[in-house]
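Report on the structure given below.
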Amino acid sequence: MDSLRTSPNPETSGTPNQVIIDLSTIRHNLNEIRRLAGNARIMAVVKSDAYGHGMVQAAKTLEAAGADHLAVFETGEAIELRDAGCKLPILILMGMQPEATEYSGNKRELEQFEAVVAKKLTPVMYNQEMARRLSDYALSRGAMVPVHIKVDTGMTRLGIPWEQAPSIIKRLSLLKGICIEGMLSHFAVADIPEHPFASQQLERFCNVLQAARQSGLNPRFIHMANSGGILAGLGVNLGMVRPGILLYGSPPGPAWCPATTSFRPAMTFRSKIIQVQTVPKGTAVSYGCTYRTSNQAVIATIPAGYDNGYSRMLSNSGEVLIRGRRVPVIGRICMTLTMLDVTSLDNVSAGEEVILLGRQGEEYISAEEIASKANTINYEVYCKIGKSNPKVYVDMELADLSLS
Ligand SMILES: *Cc1c(COP(=O)(O)O)cnc(C)c1O
């Protein structure tokens, strides 16, 4: 199956840009999460191409390293994982895509139901009508589909509102073609430690759980803790946790940085210089002439810009690494080109490596640093850079693979 999300092919791409993913760090981060989460099972979130790190490679690494479940956003991703040989249970966070049945004849919905049964996938459920139709379908195939019920405890995004959840869950439990194997909710405030709303949400979820148990339900998998919940120790004792960003080595918010120093970022984004020029004082650089050299300067150009996920917000403010030293981005970042002031380095030449994200020598440019300059979050930095460049995978633990 062709995926629309496929990033440029490293074999055929004519650019020197590479997103390098060290799979051994993902393994390390899984073990760090296990240390924090005690006995809890780990449902590894690999949606959105594993936050730009490559869904199939990340999932296979996590599966081999002992993750218990995988979570993706939609059915297509789950099918791709199964077809790639992943054996773990896969939760579909979006659930089944609802269909305006009168008009479209139910075709998409049926395809999803078929895939769920044939590939043994686990959809999230929050819609009674959908649950009834899935149950009917499963019964017609002599199957029983495991589902996880999503309770909205205050995120106001997806799920059965917590006040209505006990009665609706009771009705869902009567459907013969589905089995309520799990229940989940999601924290709205994961970036701020000790925010009171998190414990309030957890309390609401626990009340729903209690009501479900009183009506005779006993789902095996209860989960609420995302990366923020895991770090805060909130919802960890429910038996399963659902980390995303921590697996890729980053904190769920700047305030968590001190608590996540033992995690290792998996992504490096590198490019190479394609031109170097020496220009006189007063020379304008890039669109809009927003930068002018204050002295004679040496300027290097790299073939990476905002189309490569390197935000235009970093114009005149970003820094990159060459020979382990920081150099500034000057002028506006273009679609596929960015200029650097390399005057501080001796004899820079075309072909030299430039690190836009990641480590080089003793220096490090983090997704958090880029996010703060680009007025966004590390999650978006990873997604955009990961999806816009050819990816290569290394495993620094298993093999001493050269990066050159
Ligand atoms: C993305 C996502 C997660 C993971 O969140 P992180 O903050 O990356 O740990 C967990 N649960 C749900 C429902 C999500 O959508």
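For ligands, and for the atoms within them, numbers begin at 1 and follow the listed sequence.
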Against heavy atoms of [X], which atoms of ligand 1 measure under 4.0 Å?
X      : result
Lys150 : 13 (C)
Ile245 : 6 (P), 8 (O), 9 (O)
Pro243 : 9 (O)

Test item: side-chain donor near acceptor, [X] and [Y], under 3.5 Å:
X      : Y      : answer
Arg41  : His223 : no
Thr336 : Asp307 : no
Asn207 : Arg204 : no
Thr290 : Asn316 : yes
Tyr137 : Arg141 : yes
Gln275 : Thr301 : no
Thr122 : Glu181 : no

| task | Please confirm whether Phe221 and His69 have ring centers closer than 6.0 angstrom. | result | yes
| query | Does the ring center of Tyr382 lie less than 6.0 Å from the ring center of Tyr51? | reply | no
Heavy-atom nearest neighbour in the protein, as seen from [atom], with distance rounded to 0.1 Å:
atom                    : answer
atom 15 (O) of ligand 1 : Lys47 NZ, 2.6 Å
atom 12 (C) of ligand 1 : His186 CE1, 3.4 Å
atom 8 (O) of ligand 1  : Tyr51 OH, 2.5 Å
atom 9 (O) of ligand 1  : Ser227 OG, 2.5 Å
atom 7 (O) of ligand 1  : Tyr379 OH, 2.7 Å
atom 11 (N) of ligand 1 : Arg242 NE, 2.8 Å

| said: Against ligand 1, does Phe73 come closer than 4.0 Å with any heavy atom? | reply: no
| message | Below 4.0 Å, non-hydrogen atoms only: which portion of Pro252 touches ligand 1? Side chain, backbone, both or neither. | response | neither
| request: Record the part of Arg157 in heavy-atom contact with ligand 1 below 4.0 Å; permitted values are side chain, backbone, both and neither. | output: side chain
| query | Is there a nitrogen or oxygen of Gly244 sitting under 3.5 Å from a nitrogen or oxygen of ligand 1? | reply | yes
